[in-house]
Number of protein chains: 2
Amino acid sequence: MRSVEELIERVRGQGGKATSQRILIWSALKGDVSHPTAEDLYVRLKPRLPSLSLATLYNVLNELVEWGEIRRFDTGDGRIHFDPDTSGHSELVCMRCHRVIDAPTDAVPRRHVPERVAGYRIISHSEQYFGYCPDCQRALEPASTREE
Amino acid sequence: MRSVEELIERVRGQGGKATSQRILIWSALKGDVSHPTAEDLYVRLKPRLPSLSLATLYNVLNELVEWGEIRRFDTGDGRIHFDPDTSGHSELVCMRCHRVIDAPTDAVPRRHVPERVAGYRIISHSEQYFGYCPDCQRALEPASTREE
DNA sequence: TTCTTTGCAAATCGTTTGCAGCATG
DNA sequence: CATGCTGCAAACGATTTGCAAAGAA
């Protein structure tokens, strides 16, 4: 995701407006590594701009996704998660508690994200490994059934 | 995804039943390369087993996902897509028409899907490249604005 | 002033759930 | 015949939509 200043230029350049809502949301996202849902961001930002509505938040998030500034992905918990990190990395997602962390790049090498593949113009890349986190493995395996 | 015979053994082995619904759905999925949604499968299978309900279909699909026999992923169109191909490959997803195709493996090398990463036990892997397909690029770019 | 964007509330709709009846083992 | 599974219909809940009012440029 680019800097807030660059995003202001971009939106003005296409006849759009740098509203306080957009700037607030952009600032909150920049550098966020928590893979938040729309709801997560809403409860975090509402106190700072009480008039903020969820609908606006969704508008701005979807816009950023279309611009390729952030990524959206599904963890299987029914909500969409967002990530301003658009480098070719992967997430580890727990199928039980839905915890999400970035995969260590030494275990899963980064992808180079090409601009074109098979005639498609590529805007963003998303990669997840689904499984069970250490805590949930322990919770699921009775002590005697421990595998490996 | 394993063969229907192997799945029958598996479900019986854990005290489950090889119902006609499960076998029908498993057979339909095996070898399917269309990345269907639950609804897609429903309209395809309903004529062959008119009593089939969407709820059962979701039950069976979710079960297969938990077993690691199929993958589920989101294309941004609001429905969940399923894929019996669990090899470490990628999909190309059009952000406009939501068409999905498998990425050619010469352009995007397959991933080896490890059993463990950072303490997580890995069940499945999912990777997508989002962008615009050739048709939608044409539709979006007025002839004079053609880029590249 | 003009035109984009916001906020509200209602609508949407894919997916899940509860439970009585059914079919498998 | 015991139990897991199915089908129905209702519930759910995240996201989207329509439109009048607000506020950038």
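These numbers come from a predicted model, not from an experiment. When reading the values below, keep in mind they use all heavy atoms of this one structure, side chains included, and skip hydrogens, waters and symmetry mates. Chain letters run A, B, ... following the sequence lines, proteins first, then strands; residues in each count from 1.
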Hey, is B:Asp32 close enough to B:Arg44 for a salt bridge, meaning N to O under 4.0 Å?
yes
Expressed as a whole number of angstroms, how long is the span from A:Leu64:CG to C:dT5:P?
13 Å
How many whole angstroms separate atom CZ of A:Arg22 from atom P of C:dT4?
11 Å
Rounded distance (Å) that lies between atom P of C:dG25 and atom CD1 of B:Ile8:
9 Å
By nearest heavy atom, map B:Gly16 and B:Asn62 onto DNA chain C; which one lands nearer the 5' end?
B:Asn62
On DNA chain D, compare the nucleotides closest to B:Pro50 and A:Gly78; which residue's is nearer the 5' end?
B:Pro50
Does any part of the side chain of A:His81, heavy atoms only, come nearer than 4.5 Å to the side chain of A:Pro36, both counted from C-beta?
no
Here the ring pair (Phe, Tyr, Trp, His ring centres under 6.0 Å) pairs for residues 4-40 of chain A, sequence neighbours left out, are A:His35-A:Phe73
Checking contacts here: which listed nucleotide (C:dT5, D:dG7, D:dT15) is nearest the side-chain heavy atoms of A:Leu54?
D:dT15
Taking atom types as modelled, find out whether B:Asp40 and B:Thr37 have a side-chain donor-acceptor pair closer than 3.5 angstrom.
yes
Tell me whether the OP1 or OP2 atom of C:dT6 has a side-chain N or O from A:Ser53 closer than 4.0 Å.
no
Where the side chain of B:Lys17 is defined as all heavy atoms beyond and including C-beta, which of D:dT3, C:dG14, C:dA9 is the nearest nucleotide?
D:dT3
So which nucleotide from D:dT6, C:dT5, D:dC8 ends up closest to the side chain of A:Thr19?
C:dT5
Mind checking if B:Ser51 touches a base, just sugar-phosphate, or nothing, with heavy atoms under 4.0 Å?
sugar-phosphate
What is the separation between atom CZ on A:Arg72 and atom P on D:dA14, rounded to the nearest whole Å?
15 Å
Nearest-Å distance, CD (A:Glu39) to P (D:dT16)?
14 Å
Just N and O in the side chain of B:Gln21: are any of them under 4.0 Å from OP1 or OP2 of D:dG7?
yes
Considering only NZ, NE, NH1 and NH2 on the basic side and carboxylate oxygens on the acidic side, decide whether A:Arg2 and A:Glu69 come within less than 4.0 Å.
yes
Gap between atoms CG and C1', on B:Asp77 and C:dC13 respectively (whole Å):
12 Å
Closest to side chain of A:Arg79, choosing from C:dT15, D:dA14, D:dG7:
D:dA14
Selection from C:dT15, D:dA25, D:dT16 that lies nearest to any side-chain heavy atom of B:Ala38
C:dT15
So which nucleotide from C:dT16, D:dA14, C:dT5 ends up closest to the side chain of B:Tyr58?
C:dT16
Counting only side-chain nitrogens and oxygens, does B:Asn59 get under 4.0 Å of the OP1 or OP2 atom of D:dC5?
no
Rounded distance in Å - CG (B:Leu57) to C1' (D:dC8):
15 Å
Take the protein atom CD1 of B:Ile23 and the nucleotide atom P of D:dT6, then report the distance between them rounded to whole Å.
11 Å
Between D:dA9, C:dT5, C:dG25, which one does the side chain of B:Arg12 approach most closely?
C:dG25
Judged by modelled atom types alone, do B:Glu127 and A:His125 share a side-chain donor-acceptor pair under 3.5 Å?
yes
